[in-house]
Peer 1: 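Below is a structure I'd like to ask you about.
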Amino acid sequence: MAVLRVKFTKSQRDKLAQVLWLLNWVSVVTGIILFSLGLFLKVEINKRREVMAERQIHSVPNMLIAVGLIACIINFLGGKICYDCVDTNKFLRWKLVMLPYIICTFFFTLCVLVGALMCYSMHKELEESLALGLSDAMRYYKDTDTPGRCFLKRTVDQLQIQFQCCGNKGHRDWFQIQWISIRYLDMSKREVLDRLRSNVEGKYLMDSVPFSCCNVNSPRPCIQYQLTNNSAHFNYDYQTEDLNLWKRGCHQALVEYYTNIMHSIGLAVLLIWLFELSVLTGVRYLQTALENVLRQGDPESESDGWLLENSFVETARSNFSIIKNLGKCNQISTAVNEDPNIDKPCTAHYGPDNVPPKQMPVA
């Protein structure tokens, strides 16, 4: 029994073909939108690639870009097919093409769905990429004279100012790294040497943060040095004072920023997938209805259209049998190719002269 059988008259088939022609052109526009969303996400990621470690995060925009390009090609072809399907005679040109086209479009819509789900499932990879990337960027903050790291200081400062954040998880992350270059330390001072010798790794560690951590909305002048020393500042208590620094870590700020972008893109891609699926359903109805018209031999007659000619179970069983038979045929053909003596006549060896023995007459 056919699944979701619908009866179409001649005028209904023509209207369906015209509507699908229009919707396929709309789908070309949605393909351009998919491509644009992927390109936008790729640009946003590349803007801050210096604070991101190499992870699979680029697979999401690459997937959207590829799917967008394929959508434009498939829906352009679909529009041409649906336009010709208004005329039954022109449909004959596409009769053998429509079923493979529908199958390819079905797998394409699955790719669109995968792209939407990827936008929601890359949260862990995003967190790991930013955590490692920010840690490396802070570690190399001081290396303004090192090729390849010259602009990291500017990148980190701009990041902290733009996103109103400080450090990786918080401002105390700066206490654990040396963020001032040796070039700007007076090595003749005993205080500097003592601080360098105060830890095993020989780093110049301070309870201070870069200027970009300062909260511009704070009424008090920025305190960025000797943050844990209450006596160094007037009317100041490190434990209770509301520091005039950005409280949020840059890891949290960037994760929230990219998560909002990816979730918004994921919702848009999901809506596009639903639209593409509805167009594919209409094309399937049009294809089956026109094929039934050809079987009846009367272009003006009513015809049935359906999604599946048989039930889901029967269709799955039939496809499984086809795949199974193909596997058996492949095994037989492999066996024939491996045996060089099959279908070759055998030569009998009767004796040294290869002469058959004489038969004795029976009395």
Side-chain angles (χ1 to χ4, degrees), residues 2-40 61-116 119 265-296 298-309:
V3 177
L4 298 177
R5 183 193 297 268
V6 178
K7 190 173 288 294
F8 293 93
T9 62
K10 174 67 167 62
S11 61
Q12 288 174 339
R13 288 195 301 269
D14 292 344
K15 288 180 181 179
L16 178 61
Q18 293 171 357
V19 170
L20 288 174
W21 170 76
L22 179 62
L23 292 180
N24 271 283
W25 280 108
V26 175
S27 296
V28 173
V29 177
T30 61
I32 297 174
I33 293 174
L34 280 174
F35 177 82
S36 302
L37 290 175
L39 194 62
F40 168 75
N62 292 339
M63 179 74 169
L64 295 178
I65 290 172
V67 168
L69 291 175
I70 296 172
C72 294
I73 298 172
I74 286 181
N75 291 302
F76 177 81
L77 178 61
K80 174 62 177 173
I81 292 174
C82 293
Y83 181 80
D84 288 344
C85 285
V86 176
D87 187 351
T88 308
N89 295 324
K90 290 183 179 180
F91 169 71
L92 293 173
R93 285 187 282 175
W94 301 103
K95 182 177 181 296
L96 298 177
V97 178
M98 282 197 74
L99 185 58
Y101 168 80
I102 290 173
I103 293 173
C104 293
T105 307
F106 174 75
F107 285 106
F108 159 72
T109 55
L110 287 181
C111 292
V112 177
L113 178 60
V114 170
C119 291
I265 292 176
L267 179 60
V269 176
L270 196 60
L271 294 175
I272 291 174
W273 170 73
L274 291 174
F275 179 76
E276 293 285 349
L277 192 61
S278 63
V279 174
L280 175 61
T281 303
V283 174
R284 174 60 175 169
Y285 273 116
L286 181 64
Q287 179 239 342
T288 52
L290 289 173
E291 285 189 350
N292 287 329
V293 167
L294 294 178
R295 290 171 187 167
Q296 296 171 8
D298 183 8
E300 302 297 327
S301 64
E302 292 184 349
S303 62
D304 291 334
W306 50 68
L307 292 182
L308 295 175
E309 188 172 0

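Predicted model, so just to flag it, every value in this text is computed and none were measured. Every heavy atom of this structure was used, including side-chain atoms; hydrogens, water molecules and symmetry mates were not.
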Peer 1: For the OH atom of Tyr101 and the CG atom of Leu280, what is their distance to the nearest 0.5 Å?
Peer 2: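 One gets 8.0 Å once the value is rounded to the nearest 0.5 Å.
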
Peer 1: Could you tell me which non-hydrogen atom of Gln287 sits nearest to which non-hydrogen atom of Met98, and how far apart they are?
Peer 2: CB-CE, 3.5 Å

Peer 1: Could you tell me the separation between the SG atom of Cys104 and the CD1 atom of Ile73, rounded to the nearest 0.5 Å?
Peer 2: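 If we round to the nearest 0.5 Å, Cys104:SG and Ile73:CD1 are 12.5 Å apart.
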
Peer 1: What pair of heavy atoms forms the shortest contact from Ala116 to Gly266, and how long is it?
Peer 2: CB-O, 3.8 Å

Peer 1: Where the side chain of Trp273 meets the backbone of Thr109, is there a donor-acceptor pair that is under 3.5 Å apart?
Peer 2: yes

Peer 1: Give me the atom names and distance for the closest heavy-atom approach of Gly282 to Leu16.
Peer 2: O-CD2, 4.0 Å

Peer 1: Mind checking the CZ-OG1 spacing from Phe106 to Thr281? Nearest 0.5 Å is all I need.
Peer 2: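 Answer for the CZ-OG1 pair, Phe106 versus Thr281, is 10.0 Å.
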
Peer 1: Not counting sequence neighbours, which residues clear side chain to side chain contact (heavy atoms under 4.5 Å, CB included) with Leu96? List them please.
Peer 2: none

Peer 1: Do Val293 and Lys10 have side chains that approach each other closer than 4.5 Å (heavy atoms only, starting at C-beta)?
Peer 2: no

Peer 1: For a quick test of reading the model, state the closest non-hydrogen atom pair linking Arg13 to Leu286 and the distance between them.
Peer 2: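 Minimum heavy-atom separation between Arg13 and Leu286: O-CD1, 3.9 Å.
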
Peer 1: Apply the side chain to side chain contact (heavy atoms under 4.5 Å, CB included) test between Ser27 and each candidate in Ile74, Ile32, Leu20, Val279; give the one that qualifies.
Peer 2: Val279

Peer 1: Does Leu22 have any side chain to side chain contact (heavy atoms under 4.5 Å, CB included) partners at least two apart in sequence or in another chain, and if so, which?
Peer 2: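 By the side chain to side chain contact (heavy atoms under 4.5 Å, CB included) rule, Leu22 matches no residue at all.
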
Peer 1: Closest heavy-atom contact between Arg284 and Ile102?
Peer 2: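 Closest pair (atom of Arg284, atom of Ile102, distance): CA-CD1, 3.8 Å.
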
Peer 1: Does Val112 reach the side chain of Leu270, with side-chain heavy atoms less than 4.5 Å apart?
Peer 2: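 Result no, sub-4.5 Å side-chain heavy-atom pair not found.
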
Peer 1: Give, for atom CD of Glu276 and atom CG of Asn75, the distance between the pair rounded to the nearest 0.5 Å.
Peer 2: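 The distance works out to 4.5 Å.
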
Peer 1: Quick check for you: to the nearest 0.5 Å, what is the distance between Ile265 atom CD1 and Ile33 atom CD1?
Peer 2: 12.5 Å

Peer 1: Would you say Tyr83 has more than 12 foreign heavy atoms packed within less than 6.0 Å of its OH?
Peer 2: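 It does not: Tyr83 OH has 12 such atoms or fewer within range.
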
Peer 1: Looking at residues at least two apart in the chain, or sitting in another chain, which of them share a ring-ring contact (aromatic ring centres under 6.0 Å, His included) with Phe76?
Peer 2: Trp25

Peer 1: Rounded to the nearest 0.5 Å, how far does CH2 of Trp21 lie from CG of Leu23?
Peer 2: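 It comes to 11.0 Å.
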
Peer 1: Quick one: closest heavy-atom pair of Val67 and Phe108, and the distance?
Peer 2: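 Closest approach of Val67 to Phe108: O-CE1, 3.5 Å.
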
Peer 1: Go through Leu37 and Ile65 one step at a time and tell me if the side chain to side chain contact (heavy atoms under 4.5 Å, CB included) criterion holds.
Peer 2: CA-CA 8 Å; Leu37 290 175; Ile65 290 172; over 6 Å; no

Peer 1: Report yes if some heavy atom in the side chain of Leu34 is under 4.5 Å from a heavy atom in the side chain of Thr30; otherwise report no.
Peer 2: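 With C-beta onward as the side chain, the pair stays apart.
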
